[in-house]
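See structure below.
To find a chain, count down the sequence lines: A is the first, B the second, and so on, and within it residues start at 1.
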Amino acid sequence: MITIKLPDGGERTLEKGSTAGDLAKSISQGLARKAVGALINEEIRDLATPLNEQDKVKILTPDDSESYELLRHSTAHVMAQAVQRIFPHAKIAIGPTIQDGFYYDFEIPDHSLSTEDLQKIEEEMKKIVKEDQKLVRYNIPDVDKQLDEFRGQGEKFKAELLNEHRDHNPTLYLMQDKDGKTIWNDLCRGPHLPSTGVIKAFKLMKVSGSYWRGDEHREQLQRIYATAWWKEADLADYLHRLEEAERRDHRKLSKQLDLFTVHEEVGPGLIFWHPNLATVRATIEDFWRDEHRRRGYQFVFTPHIAHEKLYEISGHLENYAENMYASMEIDEEPYRVKPMNCPGHIMIYKSRLRSYRDLPLRFAELGTVYRYERSGVLHGMLRVRGFTQDDSHIFCRPDQLESEVGGILDLIEHLMSTFGYTYKAYLATRPEKSLGTTEEWEFATTALENALKSRKMDYEVEEGGGAFYAPKIDIKLFDAIGREWQGPTVQVDLNLPNRFDVTYIGDDGNRHKVVMVHRAVLGSMERFCGGLIEHYAGAFPTWLAPEQVAVLPIADRHQEYANEVVKQLQSKMLRVKFDDRAETINYRIRECQVEQVPYMLVIGDKEVENKTVAPRHRRQGNLSPMPLTEFIDLIETEIKEKK
RNA sequence: GCCGACGUAGCUCAGUGGUAGAGCAACGGUUUCGUAAACCGUAGGUCGUGGGUUCAAAUCCCACCGUCGGCUCCA
């Protein structure tokens with residue numbers, strides 16, 4: 001007999017050789033019916049896994065979030081089998097689970113998968129689900145024999161993987177029909193559902209290209225992305241979430257709200273900011289400058305091109321050339337468009353001797369840079385070739401590093417919460433390939449970590465996730481619908497101070513290497529504003545809105561007073577839209593609603609007579625009529641509070 | 001860059017070998033209206049670009065440009 005520990009702290013005694021499934025049965029018939037797998041010592045396993053003495057076991061049912069792993073992985077196998085039924089010459093590669101679903105890669109000679117194929121494959125998958133095939137784990141007893149079999153079938157990818165995993169107890173998962181006959185198998189470490197019959201709601205989403213092992217020099221494969229859920233309702237929810245994301249797509253909203261364009265005549269990845277979005281950006285930049293002044297930053301400006309010498313010293317030509325634009329000749333000398341602002345800021349630092357008393361120096365610049373991105377990765381405003389970073393470099397003494405990082409984190413938290421983002425920090429430590437000494441890395445990493453701790457910021461350590469020249473804190477943002485965005489970053493640069501020999505004179509009269517911190521809070525104006533559009537779904541809060549208030553006289557006889565209102569609002573620096581076109585009031589209100597103007601002031605007989613305005617808020621609807629001064633107070637307060 | 005899809009009026013889209021269409025927007029007129037689309041009319045397109053097939057091409061073929069979805073999440 002063996003004793004098994006249950007999640008509620010209880011124990012259960014079973015016969016030796018019992019499986020997780022047996023345990024479920026011994027607990028209750030209901031649980032056994034619902035069971036799809038087990039969490040054994042914190043690991044997701046098959047229901048058929050034999051248990052050992054003192055195992056901690058939790059039976060997994062569709063109510064447990066861990067069960068999605070099983071569902072999606074098994075559905076991936078169902079899909080692979082379906083694809084091979086329809087395309088017998090298809091060779092299977094890998095099929096892992098991903099966020100909300102899974103994919104599977106195939107090599108299908110002479111056929112490109114289309115949307116119609118996806119439908120056919122889905123139909124075939126439904127059959128396999130109906131057949132209720134058993135998924136059985138099978139230890140490969142003779143690897144060479146199995147390799148021969150895979151090779152005989154032309155399953156070269158499986159053969160390659162098996163050969164690599166030959167010493168790790170490789171397993172197959174057999175898919176068997178009602179009579180226990182194996183009709184399909186896949187090299188897989190599992191775990192899996194007990195059978196395909198429990199699979200309920202799935203949908204094949206899209207086809208795309210991929211490479212075997214992500215290597216562009218190897219076989220080009222076709223990938224099918226899919227999603228799977230325990231209930232149809234959950235699938236519907238998921239599809240609805242995708243629709244919501246699509247509704248918020250900044251490229252789509254840009255057309256509706258006239259925000260930005262890119263032009264074929266100009267080139268891909270180069271953004272034209274139209275007045276509406278430029279207003280948003282300028283407002284953010286003003287805020288950004290204010291917050292930097294408040295924190296002792298100094299603003300600098302640096303040239304957009306520089307002699308190649310600069311990038312030779314910085315090492316960018318050596319390590320970053322593939323992202324830089326080609327050299328141009330000026331007076332027979334080679335110049336480059338700048339891909340980064342750091343070397344420029346170092347030039348300013350090095351323009352004179354710096355004393356320890358001068359430090360810290362905090363140089364900040366909204367610096368525009370140009371980087372080559374492969375054509376296929378460009379994406380609206382989020383991935384572009386020319387962009388403006390809210391860049392800053394802090395030059396400080398080692399004893400100042402921790403408090404400087406603390407100051408940056410304070411700025412980050414202030415800015416991000418103003419925009420309504422929640423966030424989480426990641427501390428990325430030294431990667432395998434890296435510059436610098438162990439002491440430098442330890443010193444810098446500890447300073448970053450201490451700053452996080454003393455601010456009580458929630459963070460996770462990403463071992464080896466740092467840049468080759470710097471440990472860093474990366475902050476991930478979560479937007480209004482819970483999506484994750486790449487956010488602020490703080491890096492302690494262990495490279496450039498050496499390359500440029502950036503020093504200060506210490507109180508001992510000697511030269512010391514400066515500590516250089518590189519940081520961006522918004523990242524780039526392009527990506528940040530693109531993200532904001534989606535975060536707010538185009539409805540910018542009043543302080544950012546391109547047009548903050550619209551004035552709408554009902555009829556011509558109200559124009560004079562309406563004009564008066566417009567003047568008053570403008571004198572308060574409010575961004576006013578005056579719409580006295582001969583359209584119906586309904587029409588003009590609708591247009592403002594579509595344009596997401598926060599406030600509309602309707603002016604009719606009553607308002608003229610009482611010298612009031614009748615405000616309508618884009619979300620709250622009509623507010624009670626009030627004197628203009630009262631409305632100005634209201635909107636000014638809102639703007640001041642950055643709402 | 002690679003795989004796949006797509007490119008028709010400012011926008012959203014219809015048109016699959018035989019004279020380019022609709023709605024919205026724009027423009028002109030009428031309407032002067034109380035909280036999400038008044039009415040009538042006008043104009044607007046070398047169908048992404050270039051080449052080819054054909055008596056005839058938005059439509060079929062090729063090349064290029066651009067856009068979109070992917071190409072990291074390891075059996």
Does Tyr426(A) have Lys476(A) sitting over its ring (NZ/CZ under 6.0 Å from centre, angle to axis within 45°)?
yes
Any Ser210(A) side-chain N or O less than 4.0 Å from OP1/OP2 of C71(B):
no
Looking only at side-chain N and O atoms, does Lys206(A) come under 4.0 Å of OP1 or OP2 in G4(B)?
no
Nearest to the Ile94(A) side chain among C2(B), C74(B), G69(B), which nucleotide is it?
C74(B)
Applying a 4.0 Å non-hydrogen cut-off, can you work out what His558(A) is touching in the nucleic acid: base, sugar-phosphate, or nothing?
nothing
Any donor-acceptor pair, under 3.5 Å, between the side chain of Asp556(A) and the base of U32(B), if you only look at N and O atoms?
yes
Presence of Arg557(A) side-chain N/O under 4.0 Å of C33(B) phosphate oxygens OP1/OP2
yes
Is the distance from OP1 or OP2 of G69(B) to the nearest side-chain N or O of Arg251(A) less than 4.0 Å?
yes
Among Glu638(A), Gln620(A), Glu547(A), Arg616(A), the one residue meeting side chain to side chain donor-acceptor pair (under 3.5 Å) with Tyr599(A)
Glu638(A)
What orientation do His77(A) and Tyr104(A) show, parallel under 30°, tilted 30 to 60°, or perpendicular over 60°?
perpendicular
For Gly380(A), answer base if it contacts any base atom (sugar-phosphate contacts may also be present), sugar-phosphate if it contacts only those atoms, and nothing otherwise; contact means non-hydrogen atoms under 4.0 Å.
sugar-phosphate
Could one point to a donor on the side chain of Tyr211(A) or the base of C3(B) with an acceptor on the other under 3.5 Å away?
no
Considering only heavy side-chain atoms of Ala582(A), the closest of G4(B), G69(B), U31(B) is U31(B)
Opposite nucleotide pairing with C13(B), Watson-Crick or G-U, both atom distances under 3.5 Å
G21(B)
Nearest whole angstrom, please: distance from the C1' of C3(B) to the CD1 of Ile108(A).
12 Å
For A25(B) and Tyr587(A) - does any side-chain N or O of the residue sit under 4.0 Å from the phosphate oxygens OP1/OP2?
yes
Tell me what Gly214(A) touches on the nucleic acid: a base, only sugar-phosphate, or nothing, going by heavy atoms under 4.0 Å.
sugar-phosphate
Backbone N/O of Thr542(A) and side chain of Gln548(A): donor-acceptor pair under 3.5 Å
yes
Would you indicate, yes or no, if A36(B) has its OP1 or OP2 atom less than 4.0 angstrom from a side-chain nitrogen or oxygen of Arg616(A)?
yes
Quick one: does Arg618(A) reach the base of A36(B) with a side-chain donor-acceptor pair under 3.5 Å?
no
The residue, Gln99(A) or Val207(A), whose nearest nucleotide of RNA chain B is more 5′ is Val207(A)
Under 4.0 Å from OP1 or OP2 of C3(B): is there any side-chain N or O of Arg223(A) that close?
no
Whole-Å C1' distance, G51(B) and A14(B):
28 Å
Strictly by Watson-Crick or wobble contacts shorter than 3.5 Å, is anything paired with A38(B), and which nucleotide is it?
U30(B)
For Leu118(A) and G4(B), what is the distance between atoms CG and P respectively, to the nearest whole Å?
15 Å
Check whether Tyr225(A) forms a cation-pi arrangement with Lys206(A) (NZ or CZ under 6.0 Å from the six-membered ring centre, at most 45° off the ring normal).
yes
Watson-Crick or G-U wobble partner of A43(B), both distances under 3.5 Å:
none
Interatomic distance, Asp117(A) CG vs C3(B) P [rounded to whole Å]:
18 Å
Is the distance from OP1 or OP2 of G69(B) to the nearest side-chain N or O of Arg383(A) less than 4.0 Å?
no
For U72(B), the Watson-Crick or wobble partner whose two distances fall under 3.5 Å:
none
Whole angstroms only, please: what is the CD-C1' distance between Glu216(A) and G1(B)?
7 Å
With a 4.0 Å limit, can you tell me whether Asn586(A) has a side-chain N or O closer than that to the phosphate oxygens OP1/OP2 of A36(B)?
yes
Out of U35(B), G1(B), U67(B), which nucleotide sits closest to the side chain of Ala614(A)?
U35(B)
Taken to the nearest whole Å, CG/Leu221(A) to P/G4(B) is 13 Å
Quick check on RNA chain B: between Ile554(A) and Arg590(A), whose nearest nucleotide comes earlier from the 5' end?
Ile554(A)
Taking the six-membered ring of Trp229(A), is the NZ or CZ of Arg72(A) close enough (under 6.0 Å from the centre) and on axis enough (within 45°)?
yes
A63(B) pairs with, by Watson-Crick or G-U criteria that keep both distances under 3.5 Å
U49(B)
Give a yes or no on whether the backbone of His192(A) and the side-chain of Asp46(A) come within a donor-acceptor separation of less than 3.5 Å.
yes
Using a cut-off of 4.0 Å on non-hydrogen atoms, how would the nucleic acid contact of Arg166(A) be classed: base, sugar-phosphate, or nothing?
nothing
Sugar-phosphate only, base, or nothing, as touched by Tyr103(A) at under 4.0 Å among non-hydrogen atoms:
sugar-phosphate
Counting only distance, no hydrogens or angles, is the base of G4(B) paired donor-acceptor with the side chain of Gln220(A) under 3.5 Å?
no
Can you tell me if the side-chain N/O atoms of His217(A) get under 4.0 Å from OP1 or OP2 in G1(B)?
no
Below the 4.0 Å mark, does C3(B) have OP1 or OP2 next to a side-chain nitrogen or oxygen of Ser208(A)?
no
Considering every strand and a 4.0 Å limit on heavy-atom distances, what is the contact class for Asn622(A): base, sugar-phosphate, or nothing?
base
Remember a base hit wins even if backbone is also touched, and classify Glu219(A) as base, sugar-phosphate or nothing at under 4.0 Å, heavy atoms.
nothing
Using a heavy-atom cut-off of under 4.0 Å over every strand shown, decide if Thr97(A) touches base, sugar-phosphate, or nothing.
sugar-phosphate
Who does U54(B) pair with, Watson-Crick or G-U, both distances under 3.5 Å?
none
Any base atoms under 4.0 Å from Lys158(A), or only sugar-phosphate, or nothing? Heavy atoms, all strands.
sugar-phosphate
Side chain of Asp605(A), heavy atoms from C-beta onward: which of G34(B), A26(B), C33(B) has the nearest atom to it?
G34(B)
When all nucleic acid strands are considered with a 4.0 Å heavy-atom cut-off, which category describes Ser375(A): base, sugar-phosphate, or nothing?
base
Rounded off to whole Å, could you give me the CE-to-C1' distance for the Met381(A) and C68(B) pair?
18 Å
Take atom CD of Glu583(A) and atom P of G28(B), then tell me their distance rounded to the nearest Å.
12 Å
Reckon Tyr225(A) touches a base, only the sugar-phosphate, or nothing at all at heavy-atom distances under 4.0 Å?
sugar-phosphate
Taken to the nearest whole Å, CD1/Ile589(A) to P/C33(B) is 15 Å
Just to be sure I understand the rule, does Gln593(A) reach a base, reach only the sugar-phosphate, or reach nothing, if contact means heavy atoms closer than 4.0 Å?
base
Expressed in whole Å, how much space separates the C1' atoms belonging to G50(B) and G41(B)?
40 Å
